[in-house]
Amino acid sequence: MSDPRWEAVDAYLHDALLPADPVLDATLADARAAGLPAIDVSPTQGALLQLLALAVGAERILEIGTLGGYSTIWLARALPPGGRLISLEIDPRHAEVARSNLRRAGLDDRAEVRVAPAADSLRALAASGAEPFDLVFIDADKPSNAGYFAAAMDLTRPGSIVVVDNVIRDGRVADAASTDPAVAGSRRVLEAIGAHPRVRATALQTVGLKGYDGLAIALVRS
Ligand code: SAH
Ligand code: DHB
Ligand code: MG
């Protein structure tokens, strides 16, 4: 599903709203040169993540799914001096590209990539009694989303924001009979979010450079 207007409007919004950014351009160029799939967030989505991080005054950010570090850079740039971002990635090749992109962006002092299955890293974070994260961005293997959301609820505090990417999938999320594990994963996480007593949440359908998809945004309450 696509419409040429979606990309044209994203290009227009990019020009109108977002400053030219050679570091982000180089990040995407290096990710493609290294053969990483073009599934990074779009520029306007990256800007939304950054705005959310700024709006909650995030000093600690957790990302699940690094790829080449494009969303990581948008998020890490919202951190104040002394802030910290941890990004979880299963693929060491992706992590290497991301680390190199973070170095060029001057963010390697505050953004760190941990290479392991995210479920393992999340368990280790919880066991270490890590300070709560102010924003969690869930964007890795979609079938695991409900597990990642549950882990995020244990690693946040009232006032934290949890964002889940790719929950609409061309509208297939509304198909209860779908056999696509990514769609089933999105449905499970949306239902877990909706049923959780300590979150206020919504999800929005989006169109643009990334086709027809969308994201869920949850605010943790006391
Ligand atoms: N957030 C990135 C895109 C992430 S793409 C951006 O917008 O720029 C999804 C990433 O999740 C891929 O790099 C993939 O290797 C990683 N991934 C997949 N399964 C994973 C798992 N079980 N644990 C950690 N990372 C995983
Ligand atoms: C896919 C994954 C993503 O995180 C995304 O934003 C778009 C597509 C995918 O696996 O197809
Ligand atoms: Mg995504």
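Computation of the quantities below employed the complete heavy-atom set of this structure, encompassing side-chain atoms and omitting hydrogens, waters and symmetry-equivalent molecules. Just follow the structure's listing: the first ligand is 1, and inside any ligand the first atom is 1.
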* Within a radius below 2.8 Å of the Mg ion (ligand 3), how many protein N, O or S atoms are present? -> 3

Backbone or side chain, does any N or O of [X] fall under 3.5 Å from an N or O of ligand 1?
X    : value
F137 : no
A118 : yes
D40  : no
G65  : yes
G69  : no

Shared hydrophobic cluster, [X] / [Y] (ILVMFWY, side-chain heavy atoms < 4.5 Å):
X    : Y    : result
F137 : L54  : no
L215 : L67  : no
L62  : I193 : yes
I39  : V183 : no
Y70  : V163 : yes

Identity and distance of the protein heavy atom lying nearest [atom]:
atom                    : result
atom 5 (S) of ligand 1  : I39 CD1, 3.6 Å
atom 7 (O) of ligand 1  : V41 N, 2.8 Å
atom 3 (C) of ligand 1  : D139 OD2, 3.3 Å
atom 25 (N) of ligand 1 : I90 N, 3.2 Å
atom 21 (C) of ligand 1 : D141 OD1, 3.4 Å
atom 2 (C) of ligand 1  : S71 OG, 3.3 Å
atom 10 (C) of ligand 1 : E89 OE1, 3.7 Å

* So, are R99 and E96 salt-bridged, with charged N and O less than 4.0 Å apart? -> yes

* In plain terms, say whether R169 and D180 are close enough for a salt bridge, that is, a side-chain N and a carboxylate O under 4.0 Å apart. => no

* To do: With heavy atoms under 4.0 Å as the rule, classify the contact between D165 and ligand 1 as side chain, backbone, both or neither.
  => neither

Run the numbers for me: atoms of ligand 1, each under 4.0 Å from some heavy atom of [X], listed by number.
X    : result
P117 : 23 (N)
H94  : 12 (C), 13 (O), 15 (O)
Y148 : 21 (C), 22 (N), 23 (N)

Look only at the side chain of [X] and the backbone of [Y], and say whether a donor-acceptor pair between them is shorter than 3.5 Å.
X    : Y    : result
S144 : G147 : no
R60  : P132 : yes
R114 : L88  : no
R32  : L36  : yes
D213 : I168 : yes

* In a check of side-chain contact (heavy atoms from CB on, under 4.5 Å) between L209 and each of T44, V9, D10, which one passes? -> D10

* To do: Determine, step by step, whether R157 and E131 satisfy the salt bridge (Lys or Arg N to Asp or Glu O under 4.0 Å) criterion, reporting the C-alpha distance in whole Å, the side-chain angles of both residues, the deciding distance to 0.1 Å, and the verdict.
  => CA-CA 9 Å; R157 52 161 181 88; E131 267 178 76; over 6 Å; no

* To do: Select all protein residues for which some heavy-atom-to-ligand 2 distance is less than 4.0 Å, and list them by chain and number.
  => I39, D139, K142, D165, N166, R169, K210

* Structure fact -> Heavy-atom nearest pair, E63 first then S71, reads OE2-OG, 2.5 Å

* Does a donor on one side chain sit under 3.5 Å from an acceptor on the other, for Y212 and D3? -> no

* Asked: Is R200 atom CZ crowded by more than 12 heavy atoms from other residues, nucleotides or ligands, each under 6.0 Å away?
  -> no

